[in-house]
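Chain letters run A, B, ... following the sequence lines, proteins first and then strands; every chain starts at 1. Hydrogens, waters and symmetry mates are skipped; everything else that's a heavy atom, side chains included, is used.
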Amino acid sequence: MATDKKSKLKARLPRGLVDRGPGEIAATQAMIDKIRAVYELYGFEPVETPAIEYTDALGKFLPDQDRPNEGVFSFQDDDEQWLSLRYDLTAPLARHVAENFQNIALPYRSYRFGFVFRNEKPGPGRFRQFMQFDADTVGSASPAADAEICMMAADTMEALGIPRGSYVVKVNNRKVLDGVLEAIGLGGAENAGRRLTVLRAIDKLDRLCIEGVRLLLGEGRKDESGDFTKGAGLGADDIDAVINSIAPTAASSAATSPTSSLKAESASFSVSGGEAILRGPEADILGYISNRRQYFPDSKAYQTGLEELAQIAALCVSSGYDQDRIRVDPTVVRGLEYYTGPVFEVELLLDTKDEKGRPVRFGSVGGGGRYDGLVSRFRGEPVPATGFSIGVSRLQAALALIGEIDTTPAPGPVVVTVFDKARLADYQAMAATLRKAGIRAELYLGNPKNMGNQLKYADRRRSPCVVIQGSNEKDHASGTPHVIVKDLLLGAELAKLDKDREDYLARQEEAQALVPEADLVAAVRKVLQRHGIG
RNA sequence: GCAGCUGUAGCUCAGUUGGUUAGAGCGCCUGACUGUGGAUCAGGAGGUCGGUGGUUCGAGUCCACCCAGCUGUACCA
């Protein structure tokens, strides 16, 4: 082993990865339980797949020489076949369903959670390993399947303690945008690249506002660091057509203010064009959709997309899910070359500050959509599917910041201190007695040379109390051996005001009970009850 | 990937126009206060100043390159 300082190994975690302690693990577990309960309620059943798949099953091309492992972590098996760590839970599910097609009753509702891996630049709230919780319905092309996913997403947010109004499930349909792109002459395989550029620009609306998107649709945009992003190179009329399709109220006006993105969002749930507004949310959203139908009447994709949206909206509304929970939002893009119809996104609307007092936007904590091509890749026949994933890690960070997650560490075990090294067996027996009574307990395993260190240790362990037995207690005047049960939490309270040692020690005496050894369990229970530790 | 900013003790940071043995606070370790967390007091450990090369009599300080981190941007199934 290397012992000199120069050659010693530096302990370090690769960037974008985190270790997680007991508090975070407990919080994650609590979230998972809540999510699972909602999914089970909707009739979904668990299925688990491994973290590693054949690279081609994930739909990625083999890593090439220039940019190996772009986006995914990949490596070669003994037989030289490429394997990858999964980057989501949907593609592996598609593989699972295709591989076990005979044994699965369609439509198949399933859920799973686990870590996924992305080899990308990490950032605040973005990691290279993070947890997703995924649910999918495979084998149904019905908009009812999509609507159900949306309602389930809304229920899940509320089960997690996010109040109604602090989140929104946004729904859009890729066919609508496809129709618009087709109408402005970007149809066909030869325009795939420009279509992507347009979709990416739209996806940035929430950050860049209307004007930024306009630039990206046209020549391009320079950001504040001076970096230039090339645009889609559309003409002015085409840009207007695209902007109009995602934000009708902003299309004709030269929106430049930072609030223009808000206008775009509000357009998604209000009827534009002065049309008579019927009462109630149902009329509102369906009215909006029917209003949109007047554009691109010849585009089949556009009209089909709106029809599907109308059906999803109607289904949600008829089940009581109004626009305070689920909304149609024409700016949602997601999964550029993945989703084939409806797309969903769950956004947190919380207004919070980080440790440095800067405002934080959580944005999307979950998303999904219909992916009719993903299973059929493996089979000759079409297999429609729709699903939804929650970013558990990101959502947990958000919940922690708004105080919805209890971050105070759990209390530690009772610590049995070692006063006399020769009597280790006796102390060990006390710990065993406590454990038999169902009380978390441990024997002090460090160097027991003085009591101060042992108490300091117990304090840092967050122990509610310690057990002490020295010769004074062992040889108690009554003839029966006694023990001291010292309440550390109470002791900390009592000690606050005193600054001289005599007072301090006197106060410490108050926080401890001298009881016969036979009453050890009862005395410890009393302390636990005092502090509400079950 | 591109751009900007930043790298000094475990942590947060000082360190003057380049000038002796690079400092502080907190934390950590040892001890004192009869067998008790805190407070107090007395000691102690810990840094080739991110790395390499250069300019200079002399570099933590100036220059070049590299590495790492942060922020923005691009990509993001």
Side-chain angles (χ1 to χ4, degrees), chain A residues 5-6 10-12 14-16 53 55 57-61 66-67 70-72 84 86-92 94 116-124 126 128 132 196-197 199-201 203-204 207-208 212 216 220-230 333-339 356 358 364 367-369 371 373-374 387 389 415 417-420 448-463 465-474 484 486-512:
Chain A
K5 281 165 80 176
K6 282 187 181 160
K10 181 168 186 184
R12 61 204 182 109
R15 66 176 173 173
E53 295 273 351
T55 301
L58 296 179
K60 281 302 262 196
F61 298 104
D66 292 346
R67 316 182 77 180
E70 174 75 4
V72 295
S84 294
R86 62 186 177 194
Y87 52 76
D88 69 10
L89 297 175
T90 310
V116 300
F117 306 85
R118 296 189 184 178
N119 192 4
E120 298 169 339
K121 184 194 158 188
R126 277 186 90 173
R128 290 153 95 196
Q132 284 192 338
L196 269 181
T197 308
L199 292 176
R200 283 174 188 146
D203 202 25
K204 295 182 178 64
R207 266 192 304 125
L208 301 181
L216 284 175
R221 172 180 173 273
K222 193 187 277 192
D223 66 49
E224 58 257 46
S225 74
D227 201 24
F228 184 77
T229 309
K230 196 173 183 311
V333 179
R334 295 200 71 86
L336 298 171
E337 27 205 348
Y338 196 97
Y339 295 119
K356 292 171 185 166
R358 297 176 299 197
S364 170
Y371 48 97
L374 214 50
S389 279
V415 171
T417 59
V418 176
F419 204 96
D420 179 356
K449 66 187 165 202
N450 64 41
M451 193 47 57
N453 278 352
Q454 302 192 49
L455 288 176
K456 209 183 274 184
Y457 168 81
D459 193 41
R460 283 207 292 216
R461 286 286 275 131
R462 296 169 207 289
S463 301
C465 62
V466 295
V467 177
I468 302 169
Q469 188 185 58
S471 52
N472 290 354
E473 292 78 39
K474 171 87 172 150
I484 288 175
K486 178 178 165 65
D487 184 334
L488 292 178
L489 302 173
L490 187 57
E493 281 298 309
L494 294 176
K496 267 178 191 162
L497 301 175
D498 299 299
K499 44 187 181 294
D500 104 52
R501 187 167 177 79
E502 290 302 315
D503 289 343
Y504 175 73
L505 293 180
R507 292 284 192 140
Q508 289 307 310
E509 293 270 331
E510 289 178 38
Q512 57 194 41

Sugar-phosphate only, base, or nothing, as touched by R118(A) at under 4.0 Å among non-hydrogen atoms:
base

Under a 4.5 Å cut-off applied to non-hydrogen side-chain atoms, are F419(A) and M451(A) in contact?
yes

In this structure, CG of L89(A) is separated from OG of S389(A) (nearest 0.5 Å) by 5.5 Å

Any donor-acceptor pair under 3.5 Å linking the side chain of R128(A) with the backbone of R15(A)?
yes

In whole angstroms, the gap separating P of rU73(B) from NZ of K204(A) amounts to 10 Å

**OP:** Quote, to the nearest angstrom, the P distance that separates rA32(B) from rG50(B).
**Re:** 40 Å

note: M451(A), atom CE; rC33(B), atom P; distance rounded to Å ~ 16 Å

From CG of L490(A) across to C1' of rG37(B) the rounded distance in Å is 13 Å

rC65(B) and rU73(B), which share atom name P, separated by this distance in whole Å: 27 Å

Check your understanding: Going by modelled atom types, is there a donor-acceptor pair between the base of rU36(B) and the side chain of Q512(A) at under 3.5 Å?
Key -> yes

Exactly one of L488(A), V466(A), I484(A), L490(A) clears side chain to side chain contact (heavy atoms under 4.5 Å, CB included) with Q512(A), and that residue is I484(A)

**Asked** When all nucleic acid strands are considered with a 4.0 Å heavy-atom cut-off, which category describes N472(A): base, sugar-phosphate, or nothing?
**Response** base

RNA chain B nearest-nucleotide lookup for A511(A) and N450(A): closer to the 5′ end is N450(A)

Here the gap from R118(A) atom CZ to D88(A) atom CG, rounded to the nearest 0.5 Å, amounts to 6.5 Å

**Asked** Any side-chain N or O of R200(A) under 4.0 Å from OP1/OP2 of rA74(B)?
**Response** no

Query raised in the report: Are K486(A) and Q508(A) close enough that some pair of their side-chain heavy atoms sits under 4.5 Å apart?
Result: yes

- Query: Counting any heavy atom closer than 4.0 Å, what does Y457(A) reach on the DNA or RNA strands: base, sugar-phosphate only, or nothing?
  - Reply: nothing

Between CG of L455(A) and C1' of rU36(B) the distance, given in whole Å, is 5 Å

Q. Hey, does the side chain of R207(A) come within less than 4.0 Å of rG72(B)'s phosphate (OP1/OP2), counting only N and O?
A. no

In short, Y339(A) meets G368(A) closest at the heavy-atom pair OH-CA, 3.5 Å

Distance col, row D459(A):CG vs L489(A):CG, nearest 0.5 angstrom, shows 8.5 Å

For R86(A) and L58(A) the tightest heavy-atom approach is CA-CD1, 4.0 Å

The nucleotide from rG37(B), rU36(B), rC76(B) with an atom nearest the side chain of K456(A) is rG37(B)

With the side chain defined as heavy atoms from C-beta on, R126(A) is closest, among rA74(B), rC75(B), rG37(B), to rC75(B)

Here RNA chain B, pairs taken as Watson-Crick or G-U under 3.5 Å and shown with ( ), [ ] when crossing and | when to another strand, reads (((((((..((((.....[...)))).(((((.......))))).....(((((..]....))))))))))))....

RNA chain B nearest-nucleotide lookup for K121(A) and G470(A): closer to the 5′ end is G470(A)

Within residues 500-509 of chain A, those residues having any heavy atom closer than 4.0 Å to RNA chain B are R501(A), Y504(A), L505(A), Q508(A)

| task | Using the C1' atom on both, measure rG18(B) against rG54(B) and round to a whole Å. | result | 15 Å

Can you check the distance between rA22(B) and rA59(B), where both ends of the measurement are the P atom (answer in whole Å)? 14 Å

Separation of the C1' atoms in rU61(B) and rU6(B), to the nearest angstrom: 16 Å

query: With sugar-phosphate meaning primed atoms plus P, OP1 and OP2, does E493(A) contact a base, only sugar-phosphate, or nothing at under 4.0 Å between heavy atoms?
result: nothing

Which of rC28(B), rG35(B), rG69(B) is nearest the side chain of R460(A)? It is rC28(B)

Atom CG of N119(A) and atom P of rC75(B) are separated, to the nearest Å, by 17 Å

E510(A) CD to rG38(B) P, in whole Å, measures 19 Å

Side-chain contact check for K449(A): nearest option of rG31(B), rU36(B), rU73(B) is rG31(B)

Work out how far the C1' atom of rC75(B) is from that of rU17(B), and round it to whole angstrom. 46 Å

Quiz prompt | C1' spacing across the pair rA14(B) / rG31(B), given as an integer number of angstrom | solution = 31 Å

Atom CG of L199(A) and atom C1' of rC75(B) are separated, to the nearest Å, by 15 Å

- Query: Just checking K230(A): base, sugar-phosphate only, or nothing, at a heavy-atom cut-off of under 4.0 Å?
  - Reply: nothing

Note: V72(A) and Y87(A) closest approach over all heavy atoms is CG1-CD2, 3.1 Å

Exercise. Base, sugar-phosphate, or nothing for A492(A), non-hydrogen atoms under 4.0 angstrom?
Worked result: base

Between rU56(B) and rC66(B) - C1' atom distance, rounded Å | 23 Å

Side chains of R200(A) and V333(A), heavy atoms from C-beta outward: is any pair under 4.5 Å?
no

To the nearest 0.5 Å, atom CZ of R461(A) lies from atom CD of Q454(A) at 14.0 Å

Whole-Å distance, L488(A) CG to rG38(B) C1', equals 12 Å

